[in-house]
Amino acid sequence: MSLAAYCVICCRRIGSFAPRSKSHTPWRNIRNIIRFTGSLIVGGSLFITYEVLALKKSLMLDTQVVEREKMKSYIYVHKAPVDRLDNRDSFSTVDIEDHDCAVWLLLRKSREDNLAARLEAVREMSEAHHWHDYQYRIIAQACDPRTLIGLARSKESDLRFFLPPPPLPSLKEDSSTEEELRHLLASLPQTELDECLQYFTSLALSESSQSLAAQKGGLWCFGGNGLPYAESFGKVPSATVEMFCLEAIVKHSEIPSHCDHIEAGGGLQLLQRLYQLHKDCPKVQRNVMRIIGNMALNEHLHPAIVHSGWVSLMAEALKSSHIMEASHAARTLANLDRETVGEKYQDGVYVLHPQCRTSQPIKADVLFIHGLMGAAFKTWRQHDSQRALTESAVVDEDRYTTCWPKTWLAKDCPSLRIISVEYDTSLSDWRARCPMERKSIAFRSNELLSKLRAAGVGDRPMIWISHSMGGLLVKKMLLEASKKPELSPVINNTRGMIFYSVPHHGSRLAEYSVNIRYLLFPSLEVKELSKDSPALKTLQDDFLEFSKDKNFQVLNFVETQPTFIGSMIKLHVVPVESADLGIGDLIPVDVNHLNICKPKTKDAFLYQRTLQFICETLARDLEN
């Protein structure tokens with residue numbers, strides 16, 4: 001209407017002009033027409049623009065209003081512990097739609113006093129795959145920590161149940177992640193440390209300070225006594241500093257009182273920053289998860305771990321196709337789950353199966369103990385020298401696996417709990433750089449026995465499976481357990497043992513320890529493997545005497561091919577005569593020492609004979 005009024009006014013102005021002389025009329029009329037036309041175009045453009053904007057606004061859908069309407073029951077939970085709320089009327093005044101009733105009923109059920117009801121609620125939540133996004137977010141924000149942990153340990157849980165971790169605090173001005181990590185290490189107490197940890201902590205602080213100084217000076221250089229160790233982690237100085245300090249913090253986190261200092265110093269947030277920054281560096285992520293898993297052994301730290309967002313990260317890692325990453329996450333979540341897990345898994349003890357909550361009753365345990373140069377996962381991979389161990393591609397696990405106990409054995413015997421143990425040897429950078437450490441087989445066996453007992457080993461029938469020096473540790477652990485009444489369940493529930501090339505009577509490895517110093521640093525363990533070792537002879541004699549009145553089933557495998565140590569030395573590590581325990585069958589296999597515990601396929605003799613032994617030895621226990 002304003003445009004019409006404007007046009008009328010312009011027309012009146014044109015009509016009211018007094019007649020001019022003929023010489024001026026055409027020119028002035030043209031000017032008036034141009035003025036009128038320009039006004040009309042400007043006014044029309046403004047009018048059209050206004051109408052278009054008005055129409056757009058009238059047709060625009062306010063998604064925020066729709067979301068608020070759709071999510072009337074969407075709530076925000078503050079940091080206050082939800083377990084202090086009154087369970088009886090927590091949800092009694094919530095305005096919900098009919099189709100949301102099931103969600104809130106499950107939430108209420110998950111907080112009942114009855115354990116069976118809570119577990120059933122978590123199971124039903126984890127099996128819900130037809131909900132809308134906002135319904136998953138309702139659960140994520142309204143559930144209590146124990147429900148959240150239960151969902152994280154449920155195999156079928158949707159990751160939408162887990163909120164993203166809270167925003168991390170900003171770094172201090174002129175600071176960096178590696179500097180903050182170094183400050184955290186420096187703030188930890190120097191009490192309750194053994195000599196080796198004290199040495200390594202001081203060395204880490206010294207080397208990291210030199211590396212940081214070099215970075216600020218624009219130089220990539222490393223100095224000091226730790227030069228070879230620092231260079232072994234990578235070429236980038238910041239990654240070196242972080243790895244250097246992380247290794248020390250891992251050891252500190254094994255001490256409960258030091259875990260409190262790590263949490264108080266903002267360690268949970270700092271470690272989370274490292275975890276997210278180094279998604280392409282599995283070694284950094286594994287060390288970070290080791291620290292969190294150790295901290296989770298202390299129940300009073302569970303609220304801090306949950307509130308810092310670690311449960312969401314572990315839930316995602318548990319679903320990883322990378323076995324090592326999933327196993328580290330499974331250990332952390334198991335230590336957090338006090339609803340269904342009574343055991344505590346200390347550093348180096350990994351449950352390969354079951355890694356999630358399961359309705360399958362667990363009837364027996366199978367324990368895997370690696371040997372010198374081994375590890376909890378890589379020792380038990382499938383034999384394939386040409387395949388990289390990074391699991392860069394997802395493949396059919398029946399055709400290839402990086403850990404056959406985790407894939408093949410778990411599928412063939414689902415009622416077993418499968419545990420793999422990892423311990424340091426003199427070949428690791430950590431131990432090789434500690435001049436004060438001299439750990440004998442007897443010392444390591446006591447250390448492992450304590451960790452395994454905390455994990456509930458001995459409460460069920462079990463079989464020990466070991467490779468190389470790991471078999472000597474198994475024998476020593478059983479002897480030590482026989483001397484302590486509180487460890488008698490370990491003896492009573494041991495059903496059998498499988499030894500893969502265990503040097504019961506010594507190994508030729510010790511004879512070549514000097515020549516292959518660049519690969520196998522001479523250590524107390526290597527010396528104990530010598531044929532003339534008094535400790536080894538005593539261990540063999542004592543074990544034979546101990547097992548006389550025991551009904552242990554034993555199966556021995558031994559290599560028949562020599563093993564290449566480096567590129568120049570070819571060595572038959574464990575001869576047939578040394579692998580003969582004197583109990584059970586002895587089966588020679590046409591492989592070398594490293595591949596004696598790595599079946600080529602699932603149908604290979606090595607795996608099938610191992611599976612047969614397990615099923616036959618535990619037949620009565622698995623049937624009950």
Side-chain angles (χ1 to χ4, degrees), residues 74-83 122 125-126 133-154 157-172 175-178 180-181 183-184 242 246 249-250 253 259-260 262-320 322 325-337 356:
Y74 190 49
I75 65 171
Y76 290 86
V77 179
H78 299 287
K79 274 193 172 182
V82 293
D83 53 358
V122 172
M125 289 179 189
S126 67
D133 286 348
Y134 78 94
Q135 291 174 307
Y136 288 103
R137 291 198 294 269
I138 289 174
I139 300 290
Q141 291 211 354
C143 70
D144 59 6
R146 62 190 179 191
T147 301
L148 184 68
I149 293 168
L151 288 170
R153 293 197 69 234
S154 299
S157 286
D158 195 297
L159 289 178
R160 288 174 290 180
F161 279 121
F162 309 100
L163 296 174
L168 296 174
S170 302
L171 290 173
K172 298 177 182 178
S175 183
S176 63
T177 305
E178 53 266 27
E180 293 292 326
L181 192 64
H183 291 157
L184 175 63
E242 291 162 0
L246 272 177
I249 296 177
V250 166
S253 65
C259 290
D260 297 337
I262 294 174
E263 190 275 327
L268 290 172
Q269 291 75 24
L270 179 58
L271 292 170
Q272 191 176 127
R273 188 186 303 278
L274 277 172
Y275 184 84
Q276 294 176 346
L277 282 175
H278 293 284
K279 290 185 177 180
D280 58 342
C281 184
K283 190 167 185 179
V284 170
Q285 291 200 320
R286 288 197 297 268
N287 277 327
V288 169
M289 285 194 282
R290 284 177 67 188
I291 297 171
I292 303 300
N294 290 344
M295 295 179 69
L297 291 168
N298 306 282
E299 294 188 34
H300 67 281
L301 293 178
H302 287 188
I305 295 173
V306 172
H307 291 146
S308 61
W310 273 107
V311 175
S312 301
L313 296 174
M314 293 298 102
E316 183 179 2
L318 185 61
K319 296 182 182 296
S320 171
H322 297 253
E325 181 181 356
S327 298
H328 280 277
R331 171 180 169 256
T332 300
L333 290 172
N335 285 336
L336 289 172
D337 187 7
C356 301

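What's counted below: heavy atoms across the whole structure, side chains too, no hydrogens, waters or symmetry copies.
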Spacing of [X] atom [atom1] and [Y] atom [atom2] [to the nearest 0.5 Å]:
| X | Y | atom1 | atom2 | answer |
| --- | --- | --- | --- | --- |
| L148 | S312 | CG | OG | 6.0 Å |
| L336 | E299 | CG | CD | 9.5 Å |
| L271 | I292 | CG | CD1 | 5.0 Å |
| H322 | R286 | NE2 | CZ | 10.5 Å |
| M314 | S320 | CE | OG | 11.0 Å |
| C259 | M295 | SG | CE | 5.5 Å |

### Pair S175-E180, side-chain donor/acceptor within less than 3.5 Å
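On atom types as modelled, these side chains qualify, holding a pair under 3.5 Å.
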
Looking at every heavy atom in both [X] and [Y], which two are closest together, and how far apart are they?
| X | Y | answer |
| --- | --- | --- |
| N335 | G293 | ND2-O, 3.2 Å |
| N294 | V250 | ND2-O, 3.6 Å |
| A152 | L318 | O-CD2, 3.3 Å |
| S308 | Q269 | CB-NE2, 3.9 Å |

### Task
Can you establish whether the number of heavy atoms outside E316 located under 6.0 Å from its atom CD is more than 12?
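Atom CD in E316 is not crowded, with 12 or fewer foreign heavy atoms closer than 6.0 Å.
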
Side-chain touch [X]/[Y], heavy atoms, less than 4.5 angstrom:
| X | Y | answer |
| --- | --- | --- |
| M289 | R331 | no |
| V288 | H278 | no |
| Q272 | P165 | yes |
| L301 | L268 | no |
| H300 | D260 | yes |
| V311 | F161 | no |
| I305 | T332 | no |
| L246 | I291 | yes |

#### Entry: Verdict with supporting geometry, E263 and N298, side chain to side chain contact (heavy atoms under 4.5 Å, CB included)
CA-CA 11 Å; E263 190 275 327; N298 306 282; over 6 Å; no

### Task
Would you check, one step at a time, whether the test side chain to side chain contact (heavy atoms under 4.5 Å, CB included) holds for H302 with I149?
CA-CA 10 Å; H302 287 188; I149 293 168; 5.6 Å; no

Side-chain donor/acceptor of [X] to backbone N/O of [Y], under 3.5 Å:
| X | Y | result |
| --- | --- | --- |
| H307 | P303 | yes |
| E178 | E242 | no |
| S157 | L151 | yes |

### Task
Take L159 and F162, measure what side chain to side chain contact (heavy atoms under 4.5 Å, CB included) needs, and give me the verdict at the end.
CA-CA 6 Å; L159 289 178; F162 309 100; 4.2 Å; yes

### Task
Quick one: which residue pairs count as a salt bridge (Lys or Arg N to Asp or Glu O under 4.0 Å) with a foot in residues 157-171, not counting sequence neighbours?
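As it turns out, the salt bridge (Lys or Arg N to Asp or Glu O under 4.0 Å) pairs with a partner in residues 157-171, which skip direct neighbours, are D133-R160, D158-R160.
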
### Task
Check step by step if side chain to side chain contact (heavy atoms under 4.5 Å, CB included) holds for I249 and L181.
CA-CA 9 Å; I249 296 177; L181 192 64; 3.7 Å; yes

